[in-house]
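Nothing fancy with the numbering, it's 1 onward along the sequence.
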Amino acid sequence: MHCRLSSGFWRSHVKKYAPFLRDDVIARLRVAMEGVPKGSSYLFTQICADVLYERSRTPTKETPSNPLVRHAMSIGALLLKPLETGYHSCLRESYIPNLPPWIKEAPWLQDYVLYHGTGTKIPLYYMVFAGLMAISMAMANKLRLYAWKLEYSIGLYVLLIGRAGVGHKGTATRHAINLLQTACPDVMSIGRISDKGIEEAYAEQKAAGQPTSILVTFEEFRSQLSRSKDTYQQQAFAVLRKIYESEPVNARLKATKTVILKPHACLFGNVTPEDFWEGLALGMLGSGLFSRLVLIFEHDALLFEGEPQSDDASFAYSKMVDHLVNLSKILDTVVLVSQQDLDYLQGEWVLSLPDDADEDNPSVWGLSVRSRAVSLALRLAILLWACKTIPEPRVYIPRKYIDIACSILDILIRETYVQLLLNMARGEDGRIMNDMKALLRNANGEMLYSDLLVKTDLNKLKFELYLRTLVARKEVAVVSEDEEEHGKESMVILRESLSS
């Protein structure tokens, strides 16, 4: 808590500049003011506050002639707590090989992954999104995106899907929560989705003068999926949808009603693959909440097996905590997206995402994900940006972070598409892939990509996804000049024919 001062003017400056000062600065300044003539105290407090604020950003090089200003600056030099606007990685990348190149642009996240991934088998994207959740919760609703003439809080809804006991879902989540609570002990976390529980949590925060931000976590998301058609569950999902879109939420604390104008929330759930698919069969697929979830499957992630943690690991942990603390102290900040970047996201990029859509039969999942993908990409870009610096008000999101966010979502959305295609079809996927292998056997074990595509009578996107699945299972091989893109002249070879 900061010290209260008798001067109304100084009190207003404290409110504005306090995030940039040490906790003891204000009390010590009051002592320093005792040597200032009464008639000059007003001017001194104004100069001192402004000097402290300005020196935290741009140090003054010239020595002022006014002794009052010199006194204020000397006090500032002794008491000022520098505001670190940039984060620099302090752990060596060699501890864990094969990190994606983009992570160097988010040094806080790189240290987070290196620290928690070393010597473990936690999937990469489990750690990436757990770390970004901590960044989002630290800033709460004080950082917002301005787009489409509206402001949006930067919340994330994530579902980790992995095997029970060996998937490390809960471990990834607990690492992030422990770090977050060390930096921001007042963060509010709830473990049950209910509209009343969420509204009461917001009302308590507003009454206490805290940012209206909550973290919803579940060790097992199974119960929420199994009750997805329950009336009360639907009401809770509706509240979460409103929060995600930063719409006002009506809240009540005992008999007092209030309106939360800037709600913020992160949702982090864990579920096994079996429970996930069973829940989808109960109707979760078509819900609005589902399209806002980032689905991360265990087996798609890079598993880390690194060296033991380094001697400077404790220093890295301290630095990560300090960065979260600095982020938690930002003033209300709105960041912008350029129209050029918005046009790219809404046009070229979003049209490249899979949607399982023939013109006459678009899928519910594909269209709903497309409609949310742009907003999700911008949220990720801002959080990745905040892993390197403290965003300034009214500054445009750097394009490189938008590109990184798109590359991450390309991987996750396509993996989700494959999983949906293979599991929602139930037995159909196996029949189709067996038919593809039978066609190859009848052609002496190999066919041109273009010929096999015609024979299977599938659209190209579905065909490519089935083919990539067979390649991943090492049942077929594709020989082409470009390993990433299979052209019509590529040769598809049945591996069993190679062994024979």
Side-chain angles (χ1 to χ4, degrees), residues 87 89-136 156-180 217 266-273 276 293-310 313 316-317 320 376-377 379-381 383-388 400-419 468 472 484:
Y87 185 94
S89 179
C90 58
L91 288 179
R92 295 192 298 275
E93 186 181 348
S94 59
Y95 293 137
I96 301 177
N98 303 320
L99 282 178
W102 59 259
I103 205 166
K104 293 181 180 179
E105 299 294 340
W108 183 93
L109 189 61
Q110 177 174 317
D111 276 358
Y112 179 87
V113 168
L114 289 169
Y115 182 89
H116 292 102
T118 300
T120 72
K121 293 185 178 181
I122 304 176
L124 169 64
Y125 286 108
Y126 283 12
M127 289 188 288
V128 165
F129 278 83
L132 294 179
M133 177 268 288
I135 292 285
S136 175
L156 283 180
Y157 292 179
V158 178
L159 188 59
L160 306 182
I161 305 168
R163 295 165 295 166
V166 295
H168 300 287
K169 308 180 298 296
T171 303
T173 306
R174 286 192 294 274
H175 282 330
I177 292 176
N178 291 342
L179 182 66
L180 176 64
T217 60
C266 284
L267 186 151
F268 233 74
N270 304 331
V271 69
T272 64
F276 176 70
L293 284 172
V294 181
L295 306 180
I296 306 178
F297 290 86
E298 172 198 350
H299 75 272
D300 178 60
L302 177 65
L303 299 180
F304 285 174
E305 296 183 53
E307 297 295 325
Q309 292 183 3
S310 64
Y317 193 87
M320 288 188 286
L376 179 56
R379 291 165 192 253
L380 284 185
L383 295 176
L384 290 165
W385 182 24
C387 290
K388 185 177 179 64
K400 66 180 177 182
Y401 290 105
I402 292 177
D403 290 338
I404 293 172
C406 289
S407 67
I408 294 172
L409 291 177
D410 282 342
I411 294 171
L412 297 181
I413 290 177
R414 289 185 183 278
E415 172 63 16
T416 300
Y417 179 85
V418 172
Q419 295 296 328
R468 286 180 182 273
E484 296 296 326

Point to revise | Evaluation steps, side-chain contact (heavy atoms from CB on, under 4.5 Å), between Tyr87 and Met320 | key: CA-CA 9 Å; Tyr87 185 94; Met320 288 188 286; 3.5 Å; yes

Any side-chain heavy-atom pair from [X] and [Y] closer than 4.5 angstrom?
X: Leu109; Y: Ile135; value: no
X: Tyr112; Y: His175; value: yes
X: Leu114; Y: Leu99; value: yes
X: Val158; Y: Cys266; value: no
X: Leu160; Y: Tyr125; value: no
X: Leu384; Y: Ile408; value: yes
X: Phe129; Y: Leu380; value: yes
X: Asp111; Y: Trp108; value: no

Closest approach of [X] to [Y] (non-hydrogen atoms, all atoms of both residues):
X: Ala172; Y: Ala130; value: O-CB, 3.5 Å
X: Pro107; Y: Ser89; value: CB-N, 3.6 Å
X: Ala377; Y: Ala405; value: O-CB, 3.3 Å

From [X] [atom1] over to [Y] [atom2], what is the distance, rounded to the nearest 0.5 angstrom?
X: Met133; Y: Leu180; atom1: CE; atom2: CG; answer: 6.5 Å
X: Thr171; Y: Ile122; atom1: OG1; atom2: CD1; answer: 5.5 Å
X: Ser407; Y: Leu412; atom1: OG; atom2: CG; answer: 9.5 Å
X: Ile296; Y: Met127; atom1: CD1; atom2: CE; answer: 11.5 Å
X: Asn270; Y: Phe268; atom1: CG; atom2: CZ; answer: 8.0 Å

Between [X] and [Y] (side chain of the first, backbone of the second, donor and acceptor by atom type, cut-off under 3.5 Å), is there such a pair?
X: Lys388; Y: Lys104; value: no
X: Tyr126; Y: Gly170; value: no
X: Lys169; Y: Gly162; value: yes
X: Tyr401; Y: Glu105; value: yes

Check your understanding: Are Leu156 and Leu376 close enough, and set up right, to give a side-chain contact (heavy atoms from CB on, under 4.5 Å), and what steps lead you there?
Key -> CA-CA 8 Å; Leu156 283 180; Leu376 179 56; 4.0 Å; yes

